[in-house]
Protein chains: 2
Amino acid sequence: MKLEPNLCKVEDALNIIVGKWKPIILLHLLKEGTQRFSELQKHLPGITQRMLTKQLRELEDEEIITRKVYAQVPPKVEYTLSEYGQTLQPILEAMHEWGTKHNARKKKNSLSSSFE
Amino acid sequence: MKLEPNLCKVEDALNIIVGKWKPIILLHLLKEGTQRFSELQKHLPGITQRMLTKQLRELEDEEIITRKVYAQVPPKVEYTLSEYGQTLQPILEAMHEWGTKHNARKKKNSLSSSFE
DNA sequence: CTGTATCCCAGGTGATACTG
DNA sequence: CAGTATCACCTGGGATACAG
């Protein structure tokens with residue numbers, strides 16, 4: 001298989017899902033389904049409100065997730081992987097699987113070197 | 001399928017392949033096989049020497065690619081996807097496929113809106 | 001609860017020039 | 001050919017405070 005000249009443009013598309021938190025957010029939505037803002041935050045140790053909001057907005061702009069606001073007090077907002085977002089499943093699954101294996105490998109490799 | 005608690009750590013692993021140029025570089029090495037520095041540069045419109053060097057070093061540090069230097073003048077350096085790097089194939093393929101489809105979709109969507 | 005508005009810093013990235 | 005060195009910029013991302 002030869003590389004298409006449009007490969008360069010693929011990079012563009014990829015930037016959509018390679019924010020610092022995007023893969024994890026998407027992975028959560030994929031696995032857990034619809035999630036509230038606070039639920040996502042709870043499951044993403046270390047992310048700030050600002051960042052979570054920002055990443056979600058970007059994903060929403062790309063029509064990868066959908067945002068449902070309940071007009072009530074206190075507010076309630078749910079995020080769901082859109083139909084189009086579902087098409088990311090192969091990538092997300094592959095990432096998850098590889099990431100898990102990679103961590104296992106790294107742990108094994110570091111058995112002999114325990115510094116600091 | 002439930003999310004493992006180690007999902008958070010997967011993020012770490014993902015950072016290895018989500019540099020601005022890394023997916024494209026890896027895609028090239030995967031598809032084209034061994035490539036020289038200059039070949040990679042030629043195929044990556046816009047990347048600077050500095051960046052290419054840096055990205056390659058990082059990938060090398062992660063043992064995803066191997067670097068073979070020929071002791072000769074002029075210098076010749078070849079980069080190849082390592083055996084371990086091959087395990088990224090599923091992700092890379094998935095990314096390439098999705099990226100291509102995404103571009104097609106985007107083009108279609110922008111047919112009706114021609115502003116600016 | 002679910003955000004938005006500011007401020008701020010570190011690191012990523014580019015341009016250019018130089019070297020083995 | 002295949003880098004390294006240096007400078008300078010800019011964006012991503014964090015902390016904090018405030019708001020509907």
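Everything numeric in this text was worked out from a predicted model, so none of it was measured.
- Between the CG atom of Leu40(B) and the P atom of dC1(D) there is a distance of 14 Å, given to the nearest Å.
- Looking only at side-chain heavy atoms (C-beta outward), Lys22(A) and Glu58(A) come within less than 4.5 Å of each other.
- The side-chain heavy atoms of Lys54(A) and Gln49(A), taken from C-beta on, include no pair separated by under 4.5 Å.
- In this structure, Lys68(A) places its NZ atom 15 Å from P of dT2(C), rounding to the nearest Å.
- Here dA2(D) presents its C1' atom at 15 Å from NZ of Lys42(B), a figure rounded to the nearest Å.
- Glu93(B) places a side-chain heavy atom less than 4.5 Å from the side chain of Leu30(B).
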**Asked** Which is it for Tyr84(A) and Glu62(A) under the side-chain hydrogen bond (donor to acceptor under 3.5 Å, both in side chains) test, yes or no, and what are the steps along the way?
**Response** CA-CA 9 Å; Tyr84(A) 182 51; Glu62(A) 297 293 344; over 6 Å; no
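- Atom CD in Glu78(B) sits roughly 13 Å away from atom C1' in dC1(D) (whole-Å rounding).
- The distance between atom CD1 of Ile47(B) and atom P of dA15(C), rounded to the nearest whole Å, is 12 Å.
- Using a 4.5 Å cut-off on side-chain heavy atoms (C-beta onward), Arg57(A) and Arg67(A) make contact.
- At least one test fails for Arg36(B) against the ring of Tyr79(B): distance under 6.0 Å to the centre or angle within 45° of the axis.
- Here the side chain of Thr34(A) pairs no donor or acceptor atom with the backbone of Thr80(A) at under 3.5 angstrom.
- Residue Arg67(A) places none of its side-chain N or O atoms closer than 4.0 Å to OP1 or OP2 of dT2(C).
- Straight-line distance from the CD atom of Gln41(A) to the P atom of dT4(C): 13 Å, rounded to whole Å.
- As judged by a 4.0 angstrom heavy-atom cut-off over every strand, Tyr79(A) is placed among residues touching the sugar-phosphate backbone only.
- Rounded to whole Å, atom C1' of dA2(D) lies 14 Å from atom CD1 of Ile65(B).
- If you chain together hydrophobic residues whose side chains sit under 4.5 Å apart, Leu40(A) and Val69(A) fall into the same group.
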Could I get a table of every N or O pair under 3.5 Å where one atom is in the protein and the other is in nucleotides 17-20 of chain D?
none

When you compare the protein's N or O atoms with those of nucleotides 8-13 of chain C, which come within less than 3.5 Å of each other, and at what distance?
from: dT13(C); atom 1: O4; to: Arg50(B); atom 2: NH2; distance (Å): 2.9

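- Residue contacts for Ser38(B): at a heavy-atom cut-off of 4.0 Å it reaches the sugar-phosphate backbone alone, with no base atom in range.
- Within 6.0 Å of atom CD in Glu83(A), 12 or fewer heavy atoms from other residues, nucleotides or ligands are found, so the atom counts as exposed in its surroundings.
- The separation between Arg57(A) atom CZ and dT2(C) atom P is 12 Å, rounded to whole Å.
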